[in-house]
Amino acid sequence: MSEHKNKQKWAEIATKELRGKPLESLDWDTPEGIKIKPLYTAEDIEGFECVNTLPGIPPYVRGPKATMYTGRPWTIRQYAGFSTAKESNAFYRKNLAAGQKGLSIAFDLATHRGYDSDHPRVVGDIGKAGVAVDSVEDMKILFDQIPLDKMSVSMTMNGAVLPILAGYIVAAEEQGVSQDKLAGTIQNDILKEYLTRNTYIYPPTPSMRIVSDIIEYCSKNMPKYNTVSISGYHMMEAGANSVLQTAFTLADGLEYANAAIKAGLDIDTFAPRLSFFFGIGMNFFMDIAMLRAARFLWHEIISKFNPKNAKSAMLRTHCQTSGWSLTEQDPYNNIIRTTLECMSATLGGTQSLHTNSFDEAVGLPTEFSARIARNTQIVVQEESQICHVVDPMGGSYYVEALTNGIIEEARKIMDEIEKLGGMAKAIESGMPKMRIEESAARKQARIDMGKDVIVGVNKYKLKKEAALDVLEISNTVREEQIAMLEKIKAKRNSKDVEKLLKEITNCAESDGNLLEACVNASRARATVGEISDAMEKVFGRYVATTQCITGAYASEYGDDETIASIQKRTKEFMEKEGRRPRILVTKMGQDGHDRGIKVIATAYADLGFDVDISPMFQTPEEAAKMAVENDVHVVGSSSLAAGHKTLIPQLIEALKNKNAENIKVVVGGVIPPADYEFLYNAGAVGIFGPGTAITESINHVLNAIENVK
């Protein structure tokens, strides 16, 4: 029987099983705009460019290597770093002994933003969400007894990329390892910082010059080192679906390629050293298809430059499982989520992988949870048998159709970006950021409504949550770092440092190579903050404008009783008080993740609040001043970086000092339940952890402010 007749027979049987419902009722439109059918056959993939290919052969849909994991499994990495360099080093060495194959370094937020640990703006950030690094001395401790000529090191750093990479180079030199022996990756992906993560320092134009200088320096001196890791991960975490992540990530890559060529580099000089970094969420088959589509599209993009080296058009990627998909509620479910995401990444053909720990929705991972996360990869790699076949998903009618769907939809977005003049111009227009924020708001609305099921959050909830052990970083880390800084500055040759910092400033004003100048300054023990400041004198420090999209959250609900009841309450508040309820949403400290405050701002605005959004990176004093000047009823502070026990009490105290005790403070984000009592005692009137429905939080906020005099 022909396939067409078989499909007709299937349709008859399926219709009978549906008992009168139309067969079309099984169709599903994904958030990416791809229509999903309940059944796929060979007919559905006829004529697709992405099918009938082989691994290791252009366009690399089935993998960049011919043998893939049958020849060599993916590299198991753990993105980690906390507290001091000494504590992080001990953690790294223990993990390497337990089977981890490469290092992936997490730096604290002060380091990301180019501040030394003694800077007054970073009081609550030191060592909290990564390791504090102020100079090459910290780098040397960080890699103590870890041979840098044998270890692949990935460093997630973009803002302070020059002093951090320079410190790594000098630490290796003083370990006896020359630059040409160094292997690994520096993220160096500044464009995505303006889109999502916001750990930038300088404006876009000089930041792109920094990217080019690093590519140029490493192409000459560090041939084994990957000079840019083009990141979609943070776009996914900010709310991008798989098509948006693919399109914006590859558009960033094209922008870097154009910048390098404009700087005089040949495509084959730098393109083989570019790598990618994708985020993997809970849409299992979609993200398998995303990696396959990305390889196809990158080959298409780079082929237009006529490279002579096949590796120039070969997309290689690191992946990380989603942090956003982790839940505070019923957190052991997160182990299952991470396992599914691990399988999706590996079936998609990643070259290396980090798996998140199950407790990261409430705090930094403990040694216990990090071991489970690492062992998740080891079990999949060594027990599941998936490493015996190259691209086992190749030929799946469904996966091939999804791959083609992502290719087609991503091309449309990339064409739109090209019409705007490239990704840098698109970012200036605000288009990519607004698309991501709209996607995030719609996702949150679907979760709050129960359309998108999150087990333990909006379905199958536990009556009582068990307490979790949480890793807490002591505030004494800052004191230790300041003591180290004082010691370094007392021992170094201050005149030499001053001269070399001046050379960095002069280099920023001219066309010299900034990484070379920073390596020289790092050798003399110039600090991360001093090197960053030397360039800031020329480039300035970038301050982003904040916008709030409207309509996306409420439109997902439609005519819903929950929404109507809240809008009725806000209307009654306005009639009674003479104005709408007003909230200031703010991020204090140096944490740049703004998905939470943007989704909150959108939803609250849709449901009847006047919403002010503070600039990023506020001090408690600045947030209090803005709250008073804007005459708000409540301040909503978002925390992801463990600084809440320092920053929230300071905010409440600053409001009291301005005689504004009537302005209420609520807190949201990654906050261990064990800290709730501390924050309530400090004066917070509401705490909304991950998974809290926005509608629930709005009712709580209205209860807190309705009777305030």
Side-chain angles (χ1 to χ4, degrees), residues 124 437 441 444 543-551 553-554 566-589 591 594-640 643-644 646-669 671 679-680 682-688 692 694-709:
E437 289 174 7
Q444 188 61 51
V543 178
T545 56
T546 55
Q547 296 174 286
C548 174
I549 62 170
T550 57
Y553 184 89
I566 293 173
Q567 289 172 329
K568 182 173 181 284
R569 285 193 72 184
T570 54
K571 185 178 179 182
E572 289 170 350
F573 183 98
M574 183 174 67
E575 290 169 352
K576 181 182 176 184
E577 301 292 333
R579 64 187 181 115
R580 286 158 40 122
R582 191 176 195 113
I583 184 171
L584 169 68
V585 290
T586 185
K587 293 282 292 187
M588 295 183 293
D591 174 32
D594 62 355
R595 176 177 185 159
I597 64 166
K598 290 299 182 67
V599 169
I600 289 292
T602 295
Y604 273 58
D606 284 357
L607 299 181
F609 274 68
D610 283 329
V611 178
D612 298 303
I613 307 175
S614 81
M616 299 296 291
F617 314 118
Q618 290 223 304
T619 64
E621 178 64 30
E622 289 166 344
K625 182 173 182 287
M626 187 173 178
V628 171
E629 289 175 349
N630 291 18
D631 194 19
V632 303
H633 297 97
V634 61
V635 179
S637 176
S638 174
S639 173
L640 282 177
H644 51 273
T646 300
L647 300 172
I648 299 302
Q650 288 182 1
L651 170 63
I652 292 167
E653 186 63 27
L655 288 169
K656 285 181 182 176
N657 292 339
K658 296 179 187 302
N659 297 315
E661 295 97 328
N662 60 314
I663 296 177
K664 302 301 181 184
V665 174
V666 297
V667 192
I671 300 171
L679 294 175
Y680 281 129
V685 300
I687 302 171
F688 311 119
T692 303
I694 290 178
T695 49
E696 178 187 326
S697 76
I698 290 180
N699 278 316
H700 187 105
V701 168
L702 285 169
N703 290 340
I705 66 174
E706 276 176 336
N707 299 312
V708 173
K709 302 298 182 187

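- Legend: residues meeting salt bridge (Lys or Arg N to Asp or Glu O under 4.0 Å) with Lys658, ordered by chain and number and at least two apart, are Glu621.
- Summarising the geometry of Ile652 relative to Gly683, their closest heavy-atom pair is CD1-C, 3.6 Å, with the distance given to 0.1 Å.
- Listed by chain and number, the residues in a salt bridge (Lys or Arg N to Asp or Glu O under 4.0 Å) with Glu661 amount to none (sequence neighbours excluded).
- Between Ile663 and His633 there is no side-chain heavy-atom pair separated by less than 4.5 Å.
- In this structure, the side chains of Lys598 and Arg595 stay at 4.5 Å or more apart for every pair of heavy atoms.
- Partners of Val611 by side chain to side chain contact (heavy atoms under 4.5 Å, CB included), not counting sequence neighbours, listed by chain and number: Ile583, Val585, Ala601, Tyr604, Ala605, Phe609, Ile613.
- Leu651 and Ala623 make their closest contact through CD1-CB, 3.9 Å (heavy atoms, listed as atom of the first residue, atom of the second, distance).
- Applying the side-chain hydrogen bond (donor to acceptor under 3.5 Å, both in side chains) test to Arg569 and every residue at least two apart in sequence or in another chain returns Asn699, Asn703, Glu706.
- Asn657 is linked by a side chain to side chain contact (heavy atoms under 4.5 Å, CB included) to Glu653, counting only residues two or more places apart in sequence or in another chain.
- Residues forming a side chain to side chain contact (heavy atoms under 4.5 Å, CB included) with Ala544 (at least two apart in sequence, or on another chain): Tyr200, Tyr542.
- Evaluation of the salt bridge (Lys or Arg N to Asp or Glu O under 4.0 Å) rule for Glu696 yields no partner, not counting sequence neighbours.
- Residues passing the side-chain hydrogen bond (donor to acceptor under 3.5 Å, both in side chains) test with Ser637: none are found, sequence neighbours excluded.
- Take Asp610 and apply the side-chain hydrogen bond (donor to acceptor under 3.5 Å, both in side chains) test, not counting sequence neighbours, and it matches Arg580.
- Of the possible polar contacts, none joining the Asp606 side chain to the Thr550 backbone as a donor-acceptor pair under 3.5 Å is found.
- Every residue two or more places apart in sequence or in another chain that forms a side-chain hydrogen bond (donor to acceptor under 3.5 Å, both in side chains) with Ser614 is listed here: Thr586.
- Qualifying salt bridge (Lys or Arg N to Asp or Glu O under 4.0 Å) partners for Lys568, counting only residues two or more places apart in sequence or in other chains: Glu572.
- Remark: Glu622 engages Arg121, Gln618, Thr619 in a side chain to side chain contact (heavy atoms under 4.5 Å, CB included) (not counting sequence neighbours).
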